[in-house]
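First the structure, in the form of structure tokens, and then the observations on it.
Model, not experiment: these values are computed from the prediction. One is the number of the first residue; the rest follow in order along the sequence. Order of listing sets the numbers, starting from 1, for every ligand and every atom in it.
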Amino acid sequence: MSAEGRLLVLGAGTMGAQIAQQAALHGVEVDLVDVSREQLERGVAQNRRLLEGRVAKGRMSTEDAEAALSRVRTSDDLPASAPECAWAIEAIVEQVEAKRQAFGELDRHLPEGAGIATNSSTIVSSRLASATRRPERVCNMHFFHPVLVMDVCEVVRGPQTSDETVARAVAWSRRMGRTPIVVEREIDGFIVNRVLGAASREAFSLLADGVAGVEDIDTAVRAGLNWPMGPFQLSDFSGLDTVLGVRRDRMLREHQPGDEATVTILERLVADGRLGRKSGRGFYDYSTDPPTPLPLPS
Ligand SMILES: NC(=O)c1ccc[n+]([C@@H]2O[C@H](COP(=O)([O-])OP(=O)(O)OC[C@H]3O[C@@H](n4cnc5c(N)ncnc54)[C@H](O)[C@@H]3O)[C@@H](O)[C@H]2O)c1
């Protein structure tokens, strides 16, 4: 199954702008569409900075960078852009109703054979497919932040998704220079976040039980499993308020041992204004180089 034609990316935020640029780096002509002209401009400017950074490091030529940037056409007019596209990836706000509306609009304006994938981390395609007249052509394509760096794309099959659509989503991921993996069922967290969640819950339980400290658990995971970051470093990197939101939400949907320990520790840190790297302090203090571990608030 091959992937051909133009790609439409809906939503030019953190994810959408880079999804569009990643495809363009691999020769795909892209329409990046957003309701906000400001977001489009911000996304394009950020992509330019990222590619100029690659040029400055000698990792790509100025010509290739300019060519890749020029392959992304921006628009706030979905009905005008969609008819020319063969596949769409939706990356708008994480709200079911907004996504259902967007899927309905994409369905009205895309050619009949085009597939529609959502990049959502938590909203599965079976909740969106019925807003279209092509439910068998709808699936999740879950990219990771930052898209220009993180290589994997989880293609998630909904109960309504056809084999052909899964094969096309896999082909589109490859065409975009990303490594696809197929998730055969709509399961909470898909694969990557599920494995990460399990490891992270265990790390928080060990910390709460006093088995080892923050730095030793991080070192164990880095040096013993060869992961690039330990669970507490990664939490600081993602933002502790964000991680707390995800964990609380998950605990309500599917309770697992270790959830309380995770949420309790994170709540104490967030209440203390320790949000991770973005606030300068989290599990570690980032005013020093290298960062130093901080005691947990009581
Ligand atoms: N941020 C992450 O780390 C991450 C990682 C993986 C997946 N995701 C998923 O990607 C999606 C987008 O997340 P994000 O962090 O890029 O969000 P974001 O808030 O940065 O961007 C959302 C964009 O969608 C636009 N938008 C809103 N409604 C629209 C509409 N009807 N039509 C067109 N554009 C519209 C907004 O103007 C904004 O530019 C979410 O579904 C999220 O679950 C996010």
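- Distance check: Ile123 CD1 to Glu94 CD gives 4.0 Å after rounding to the nearest 0.5 Å.
- Under the side chain to side chain donor-acceptor pair (under 3.5 Å) criterion, Arg133 pairs with Asp107, not counting sequence neighbours.
- Hydrophobic clustering (ILVMFWY, side-chain heavy atoms < 4.5 Å, transitive): Val28 and Leu10 are in distinct clusters.
- Between Leu10 and ligand 1, no pair of N/O atoms sits closer than 3.5 Å.
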From CA spacing to verdict: salt bridge (Lys or Arg N to Asp or Glu O under 4.0 Å), Arg48, Glu66: CA-CA 9 Å; Arg48 174 165 287 283; Glu66 287 305 326; 3.0 Å; yes

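- Looking only at heavy atoms of the protein, atom 25 (C) of ligand 1 is closest to Asp34 OD2, 3.2 Å.
- For His142, the closest heavy-atom approach to ligand 1 falls below 4.0 Å.
- The Glu94 neighbourhood of ligand 1 comprises atoms 40 (C), 41 (O), 42 (C), 43 (O), with distances under 4.0 Å to a heavy atom of that residue.
- Of all the heavy atoms of Ala102, none lies under 4.0 Å from any atom of ligand 1, so neither backbone nor side chain is involved.
- Ring geometry for Trp172 against Trp87 counts as parallel: the plane angle stays under 30°, on a 0 to 90° scale with 60° as the upper cut.
- Here the side chain of Gln22 pairs a donor or acceptor atom with the backbone of Met176 at under 3.5 angstrom.
- Between Thr14 and ligand 1, at least one N/O pair is under 3.5 Å apart.
- When each atom of ligand 1 is checked for a heavy atom of Gln39 under 4.0 Å away, the hits are 37 (O), 38 (C), 39 (O).
- For ligand 1, the atoms lying closer than 4.0 Å to a non-hydrogen atom of Gly13 are 16 (O), 20 (O), 21 (O), 23 (C), 39 (O).
- Under a 4.0 Å heavy-atom criterion, Lys99 is in contact with ligand 1.
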Derivation of the side chain to side chain contact (heavy atoms under 4.5 Å, CB included) call for Leu78 and Leu8: CA-CA 9 Å; Leu78 177 65; Leu8 189 148; 3.7 Å; yes

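- A heavy-atom separation below 4.0 Å is found between Ala91 and ligand 1.
- Rounding to the nearest 0.5 Å places CD of Gln95 at 11.0 Å from OG of Ser120.
- Distances from atom 17 (O) of ligand 1 to the protein include no heavy-atom value under 4.0 Å.
- Protein heavy atom nearest atom 24 (O) of ligand 1, with residue, atom name and distance: Ile92 CA, 3.4 Å.
- Considering backbone and side-chain atoms together, Thr122 places no N or O closer than 3.5 Å to any N or O of ligand 1.
- Nearest protein heavy-atom contact of atom 44 (C) of ligand 1 is Met15 CG, 3.3 Å.
- The backbone N or O of His142 lies less than 3.5 Å from no partner atom in the side chain of Glu154, so there is not a single donor-acceptor pair.
- Protein heavy atom at the shortest distance from atom 19 (O) of ligand 1 is Val93 CG1, 4.5 Å.
- Arg175 and Ser2 share no side-chain donor-acceptor pair at under 3.5 Å.
- Paired with Tyr284 under the rule side chain to side chain donor-acceptor pair (under 3.5 Å), one option of Thr292, Asp236, Asp218 passes, and it is Asp218.
- The shortest distance between side-chain heavy atoms of Leu234 and Trp227 does not fall below 4.5 Å.
- With a 4.0 Å cut-off on non-hydrogen atoms, Phe143 touches ligand 1 through its backbone and not its side chain.
- Looking only at atom types and distance, the side chain of Ser130 has a donor-acceptor partner in the side chain of Arg100 under 3.5 Å away.
- For ligand 1, the atoms closer than 4.0 angstrom to any heavy atom of His145 are 3 (O).
- Asn119 ND2, 2.9 Å is the protein heavy atom nearest to atom 10 (O) of ligand 1.
- Of the polar atoms of Ser36, none of the N or O atoms is found under 3.5 Å from an N or O of ligand 1, judged by distance alone.
- If you check which protein heavy atom lies closest to atom 32 (N) of ligand 1, you get Val35 CG1, 3.6 Å.
- Residue contact check for ligand 1: Ser121 places a non-hydrogen atom closer than 4.0 Å to it.
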